[in-house]
Trainee: 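Can you keep this structure in mind? I'll have questions shortly.
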There are 2 protein chains.
Amino acid sequence: MKRNTWQREAVREALDDTEGFISAQALHSALHASGSPIGLATVYRALGDLAAKGDADSLQSPEGEALYRACSTTGHHHHLICRNCGLTVEIAADEVETWAKRVAAEHGFTGAAHVVDVFGLCANCTKLGTSETGRNP
Amino acid sequence: MKRNTWQREAVREALDDTEGFISAQALHSALHASGSPIGLATVYRALGDLAAKGDADSLQSPEGEALYRACSTTGHHHHLICRNCGLTVEIAADEVETWAKRVAAEHGFTGAAHVVDVFGLCANCTKLGTSETGRNP
DNA sequence: ATGGTTTTGACAATCATTATCAATAAGAGA
DNA sequence: TCTCTTATTGATAATGATTGTCAAAACCAT
C-alpha cells in the first residue's frame with residue numbers, strides 16, 4: 001500500500017516550483033537549502049515514483065545526468081539552459097513543433113513526443129569566459 | 001598533430017561493423033573478444049574523438065550509458081526513436097539546427113549544444129496496438 | 001635511426017545512482 | 001485513542017560508467 005509522507009510531498013512541490021528540468025542532486029540541494037532534512041536516496045526514490053506514475057518527465061542531460069520535470073500537460077514549451085550557471089529560459093518552439101510532427105509522420109511514427117532542449121553558455125557566463133570545456137559546436 | 005594508431009583504427013572499424021548503437025564498454029568487450037588488447041580508456045578516448053569530429057553519433061540510453069554509432073551521414077543530425085521496439089531512424093535536421101542556433105543567439109547564449117530527439121511509436125508498433133507490451137511509459 | 005611529442009593503458013579517482021538494513025512512522029483495525 | 005503491521009526513510013556502502021594520472025611506448029618528421 002502506498003503511504004503519504006511529507007517527504008514525497010516535499011519532492012513533488014519542489015519539482016512543481018521548479019522551472020524546467022532539474023537533476024535529482026540539485027533538487028536535493030534545493031530542499032536542503034530550504035531547511036528540509038530529506039535524504040538523498042529518498043529524493044531519488046520519490047522522483048523515480050513520480051516518473052513511473054507519469055507525474056514527471058525525465059530525460060538525460062548531455063553529461064549523462066537524469067533530469068526531471070513536473071509534468072505540466074498544460075502549455076508545451078522548451079528550454080534554453082546555461083550549462084554553467086543553470087539559468088533557464090523558456091522558449092517558444094512552434095517551428096520545432098511542426099517539424100517534429102512532420103518528421104514523425106513521414107516515417108510512419110505516431111504518438112510523437114519530443115525532447116527538445118538547448119544547452120549553452122548564457123551571456124553572463126560567456127563574458128566571464130572562464131575555463132571553457134569547448135564541446136560540440 | 002593527430003597521429004594514426006592501430007587502436008583508433010580498430011575502434012573505428014569495430015564501430016563500422018556494428019549495427020545500431022553500442023556502448024563504450026560493449027565495444028571494448030567486442031574488441032577484446034576478437035583478440036585486440038586495446039585498453040578501455042583508449043576506447044573511451046577514441047569514441048569521444050570520433051564523436052567530436054562528427055564521425056560518430058552519440059546518445060544517452062535511458063539507463064544513462066553513452067551509446068555510439070558510426071555516422072552514415074556527415075554532419076550533425078538527430079533521431080526518431082520508437083519507444084516500444086527501440087527502432088531508430090536517422091533524421092536530418094537542418095531546420096532545427098538553424099532554429100537552435102538562432103534561439104541561442106537571440107538570448108545571448110554561446111556554445112549551444114542541443115538535445116533534440118523525437119520519441120513515438122513506429123508504424124509496426126502502431127499497427128500491433130499500443131497497450132500490448134506496455135514497456136516504456 | 002633519432003628526438004620531440006602524442007598516445008596508450010593500468011589503475012585510481014570521481015560522479016550519479018542504487019542497494020542495504022536497522023530504525024521510524026503511516027494507517028488500518030481494535 | 002492505542003497498537004500493530006509494514007511501507008518508508010536515511011546514513012552509508014556498493015555499483016557501474018566515465019574520466020584523470022602519468023610513466024612507458026609508439027608515431028612520424030627530420
Side-chain angles (χ1 to χ4, degrees), chain A residues 1-15 18 21-53 55-69 81 83-84 86 119 131-136, chain B residues 1-15 21-53 55-69 113 115:
Chain A
M1 176 201 299
K2 269 280 194 256
R3 293 176 183 179
N4 286 342
T5 62
W6 64 265
Q7 286 96 335
R8 266 200 267 261
E9 277 304 307
V11 169
R12 181 185 293 253
E13 283 180 16
L15 198 62
T18 303
F21 288 90
I22 189 172
S23 71
Q25 306 264 353
L27 198 64
H28 177 239
S29 298
L31 282 165
H32 259 207
S34 44
S36 184
I38 192 172
L40 176 58
T42 304
V43 173
Y44 273 98
R45 277 186 290 242
L47 284 174
D49 287 352
L50 286 176
K53 250 206 315 181
D55 287 346
D57 268 342
S58 72
L59 66 83
Q60 302 280 337
S61 81
E63 287 76 27
E65 263 182 305
L67 303 181
Y68 295 87
R69 172 174 75 169
I81 304 159
R83 67 165 147 257
N84 189 61
F119 296 83
S131 50
E132 246 270 37
T133 43
R135 294 180 67 92
N136 254 345
Chain B
M1 175 202 295
K2 269 278 193 258
R3 292 177 184 177
N4 287 340
T5 62
W6 64 265
Q7 286 96 334
R8 266 199 266 261
E9 277 305 307
V11 168
R12 181 185 294 253
E13 281 180 19
L15 198 61
F21 288 89
I22 188 171
S23 71
Q25 307 265 352
L27 198 63
H28 177 239
S29 298
L31 282 164
H32 260 209
S34 45
S36 184
I38 192 172
L40 177 59
T42 304
V43 173
Y44 273 99
R45 278 186 290 243
L47 284 175
D49 287 352
L50 285 176
K53 250 205 316 179
D55 288 345
D57 261 343
S58 72
L59 64 82
Q60 302 280 338
S61 80
E63 286 77 28
E65 263 181 306
L67 303 180
Y68 295 86
R69 181 171 73 163
V115 177

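Note that the structure is a prediction, hence the values are computed from the model and not measured. Order of the sequence lines sets the chain letters (A, B, ...), proteins ahead of strands, with each chain counted from 1.
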Trainee: Without decimals, in angstroms, what is the distance between B/K2 NZ and D/dA26 P?
Mentor: 20 Å
Trainee: Hey, does the side chain of B/Y44 come within less than 4.0 Å of D/dT19's phosphate (OP1/OP2), counting only N and O?
Mentor: no
Trainee: Please examine the side chains of B/Q25 and B/L40, heavy atoms only from C-beta on, and report whether any two atoms are closer than 4.5 Å.
Mentor: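 The answer is yes; the side chains approach within 4.5 Å.
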Trainee: Can you check side-chain contact (heavy atoms from CB on, under 4.5 Å) on A/N4 and A/E9, steps first, answer last?
Mentor: CA-CA 8 Å; A/N4 286 342; A/E9 277 304 307; 5.6 Å; no
Trainee: Tell me: NE2 of B/H28 to C1' of C/dG9, nearest whole Å?
Mentor: 9 Å
Trainee: Which listed nucleotide (D/dG20, C/dT8, D/dT9) is nearest to the side chain of A/R8?
Mentor: D/dT9
Trainee: Let me know the distance between CG of B/L47 and P of D/dA17, rounded to the nearest Å.
Mentor: 14 Å
Trainee: Under 4.0 Å from OP1 or OP2 of D/dA26: is there any side-chain N or O of B/Q7 that close?
Mentor: no
Trainee: Respond yes when some side-chain nitrogen or oxygen of B/R3 is under 4.0 Å from OP1 or OP2 of D/dA26, and no when none is.
Mentor: no
Trainee: How close or far is atom P of C/dT17 from atom CD1 of A/I22, stated in whole angstroms?
Mentor: 12 Å
Trainee: Nearest heavy-atom pair of A/A24 and A/V43: which atoms, and what distance?
Mentor: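 Scanning both residues completely, I find the closest heavy atoms to be O-CG1, 3.8 Å.
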Trainee: Both A/V43 and A/M1 contact DNA chain D. Taking the nearest nucleotide for each, which residue is further toward the 5' end?
Mentor: A/M1
Trainee: Using the rule given for side-chain contact (heavy atoms from CB on, under 4.5 Å), can you reason through A/K2 versus A/R8, listing the C-alpha separation, both sets of side-chain angles and the distance that settles it, and then say yes or no?
Mentor: CA-CA 11 Å; A/K2 269 280 194 256; A/R8 266 200 267 261; 4.3 Å; yes
Trainee: Let's test your reading of the model: under 3.5 Å, does the base of C/dT18 pair with the side chain of A/R45 as donor and acceptor?
Mentor: no
Trainee: Taking atom C1' of C/dG9 as reference, at what distance in whole Å does atom CD1 of B/I38 sit?
Mentor: 10 Å
Trainee: Measure the distance from CG on B/L40 to P on C/dA10 and round it to the nearest whole Å.
Mentor: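 Rounded to the whole Å, the gap is 10 Å.
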Trainee: Could you walk me through whether B/L15 and B/Y68 satisfy the side-chain contact (heavy atoms from CB on, under 4.5 Å) test, starting with their C-alpha distance in whole Å, then the side-chain angles of each, then the deciding distance to 0.1 Å, before giving a yes or no?
Mentor: CA-CA 8 Å; B/L15 198 61; B/Y68 295 86; 4.2 Å; yes
Trainee: If I take atom CD in residue B/E9 and atom P in nucleotide C/dT7, what distance separates them, rounded to the nearest angstrom?
Mentor: 14 Å
Trainee: Can you tell me how far P of C/dA16 sits from CD of B/E65, to the nearest Å?
Mentor: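 Result: 17 Å.
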Trainee: Measure from the side-chain heavy atoms of A/T42 and tell me the nearest of D/dT9, C/dT8, C/dA28.
Mentor: D/dT9
Trainee: Just checking A/T5: base, sugar-phosphate only, or nothing, at a heavy-atom cut-off of under 4.0 Å?
Mentor: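 Contact class for A/T5: sugar-phosphate only.
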Trainee: Can you identify which nucleotide, out of C/dA28, D/dT8, D/dA11, has its nearest atom closest to the A/A41 side chain?
Mentor: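 In terms of side-chain proximity for A/A41, the closest of C/dA28, D/dT8, D/dA11 is D/dA11.
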